[in-house]
Amino acid sequence: MQDQLPLATLGILGAGRVGTALAKQAAAAGVDVKVATAKDPGEISLILEFMAPGARAVKAAEASAQDVLILAVPLHKFQAVDPQALAGKIVIDAMNYWAPTDGIVDHFENDPRSSSEVVQSYFRESTVVKSLNHIGYGEFVADARPSGDPDRRALAVAGDDAAAKAAVAQLIEAMGYDAADIGPLSAGVLLEPGSRIFSGRQTVESIAAIMAEECAMAR
């Protein structure tokens, strides 16, 4: 278990494989984790008891009231979340656009922006940070390592607000990973499916090298 994180509360919207994996690791790090879906909390409480001990099933309104929120719903359903409920919150976009699975979604297919920028335009009063999407749910618990471990994996963070990125980085570090700041939210495109960062197991050094190459190619 990592040292207790001085982050008061974490809300996770989504109790699928990704949501429960994140909830399990955050709860093990000492974070007060509240998880919600569109269902009654009683319908997911047993799942959390076994899959994410320490995390609590709550109604969506209560999960949305926490200090930091993780969106772990299928991306094509993101507009089912009330943007006003997340106003003023740091929102981690852990979602991916999977056209072969979810079908073509105009919001993402015909927009030149990164998927997280589209999400940010919907949650206008929230601060969206892209992260936690480029690691498999089955790897999230297994690959966690204590700080300083030479085999510690890195997860990238993209966002336009420095304080929000610092809070997300703190959460990532507590859950057993190094955090690598890759710049603004627009850089989140480099974390999307098919990208080099998404497709491999990264370290802080390998992410820095990829970003340097991307910058060189953009000149």
Side-chain angles (χ1 to χ4, degrees), residues 10-26 33-48 50-52 55-64 66 68-87 89-124 126-141 155-159 168 171-172 175 185 188-195 197-199:
L10 173 69
I12 300 178
L13 300 181
R17 292 172 175 176
V18 173
T20 53
L22 296 174
K24 178 177 182 178
Q25 201 64 12
V33 183
K34 298 179 181 180
V35 182
T37 67
K39 300 179 181 179
D40 183 273
E43 295 188 41
I44 64 169
S45 59
L46 187 61
I47 293 173
L48 293 180
F50 287 98
M51 301 298 292
R56 289 181 288 160
V58 300
K59 292 184 177 180
E62 184 174 352
S64 300
Q66 307 314 305
V68 174
L69 280 297
I70 297 177
L71 286 178
V73 299
L75 185 54
H76 67 283
K77 295 182 178 180
F78 81 100
Q79 288 184 320
V81 179
D82 179 8
Q84 287 303 311
L86 277 56
K89 304 295 182 180
I90 296 171
V91 176
I92 303 174
D93 175 11
M95 305 177 292
N96 287 307
Y97 175 46
W98 294 103
T101 300
D102 301 327
I104 300 298
V105 180
D106 287 341
H107 291 304
F108 306 108
E109 194 73 24
N110 300 312
D111 195 310
R113 297 174 296 174
S114 69
S115 62
S116 289
E117 289 176 287
V118 176
V119 171
Q120 174 69 87
S121 69
Y122 179 71
F123 295 102
R124 295 180 183 277
S126 305
T127 302
V128 173
V129 175
K130 184 69 171 182
S131 193
L132 302 176
N133 70 303
H134 50 291
I135 179 172
Y137 65 84
E139 302 171 341
F140 196 74
V141 175
L155 298 176
V157 178
V168 174
L171 176 64
I172 289 171
M175 291 196 291
L185 194 60
V189 69
L190 300 176
L191 307 181
E192 293 177 4
S195 70
I197 294 176
F198 182 93
S199 302

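For reference, positions follow the sequence shown, starting with 1.
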Which atom of Lys130 lies closest to which atom of Gly188, heavy atoms considered: CG-CA, 4.2 Å

Would you say the side chain of Tyr97 lies within less than 4.5 Å of the side chain of Pro193, judging by non-hydrogen atoms? no

Residues Ser114 and Glu117: side-chain donor-acceptor under 3.5 angstrom: yes

Note: Leu48 and Ala57 closest approach over all heavy atoms is CD1-N, 3.5 Å

Would Ile92 and Leu71 satisfy side chain to side chain contact (heavy atoms under 4.5 Å, CB included), going step by step from the backbone distance to the final call? CA-CA 6 Å; Ile92 303 174; Leu71 286 178; over 6 Å; no

Between Val35 and Thr20, is any pair of side-chain heavy atoms under 4.5 Å apart? no

Hey, are the side chains of Gln120 and Leu185 touching, using non-hydrogen atoms and a 4.5 Å cut-off? yes

Working to the nearest 0.5 Å, report the span between CG of Asp40 and CD of Glu43. 6.0 Å

Got Phe123 and Val119 here, is their nearest side-chain heavy-atom distance under 4.5 Å? yes

Can any side-chain N or O of Ser64 pair as donor or acceptor with the backbone N or O of Ala61 at less than 3.5 Å? no

Check: Lys34 and Glu62 side chains under 4.5 Å, non-hydrogen atoms: yes

Side-chain (Thr37) to main-chain (Lys39) donor-acceptor, under 3.5 angstrom: yes

Sequence neighbours excluded and cut-off under 3.5 Å, please list the side-chain donor-acceptor pairs for residues 131-140, or say none.
unit_1, atom_1, unit_2, atom_2, d
Ser131, OG, Ala156, O, 2.7
Asn133, ND2, Asn96, OD1, 2.8
Asn133, ND2, Leu191, O, 2.9
His134, NE2, Ala156, N, 2.9
Tyr137, OH, Arg17, NH1, 2.9
Glu139, OE1, Gly136, N, 3.2
Glu139, OE1, Arg153, NH1, 2.9
Glu139, OE1, Arg153, NH2, 3.3

With a 6.0 Å cut-off (strictly less than), is the heavy-atom count around NZ of Lys89, excluding the residue itself, greater than 12? yes

All heavy atoms of Ala63 vs all of Leu13, minimum pair found to be CB-CD2, 3.9 Å

With a 4.5 Å limit on heavy-atom distance, are the side chains of Leu10 and Leu69 in contact? no

Can you name the closest pair of heavy atoms from Val118 and Arg113 and give their distance? CG2-NH2, 3.9 Å

Just wondering, do Thr127 and Val91 contact through their side chains at under 4.5 Å, heavy atoms? no

Side-chain (Gln25) to main-chain (Ala21) donor-acceptor, under 3.5 angstrom: no

Between CD on residue Gln66 and CD1 on residue Ile12, distance to nearest 0.5 Å: 10.5 Å

Review item, side-chain donor-acceptor pairs of residues 74-83, under 3.5 Å, at least two apart:
unit_1, atom_1, unit_2, atom_2, d
Gln79, OE1, His107, NE2, 3.0
Asp82, OD1, Gln84, N, 3.0

Do Met95 and Val73 have side-chain heavy atoms sitting under 4.5 Å apart? yes

Go through it in stages, so that I can follow the logic: the residues are Ile90 and Val168, the test is side chain to side chain contact (heavy atoms under 4.5 Å, CB included), and I'd like the CA-CA distance, side-chain angles, deciding distance and then a yes or no. CA-CA 8 Å; Ile90 296 171; Val168 174; 4.0 Å; yes

Rounded distance (nearest 0.5 Å) linking atom CG of Leu190 with atom CD1 of Ile197: 5.5 Å

Dump the intermediate steps for side chain to side chain contact (heavy atoms under 4.5 Å, CB included) on Arg56 and Ser45, then the final yes or no. CA-CA 7 Å; Arg56 289 181 288 160; Ser45 59; over 6 Å; no

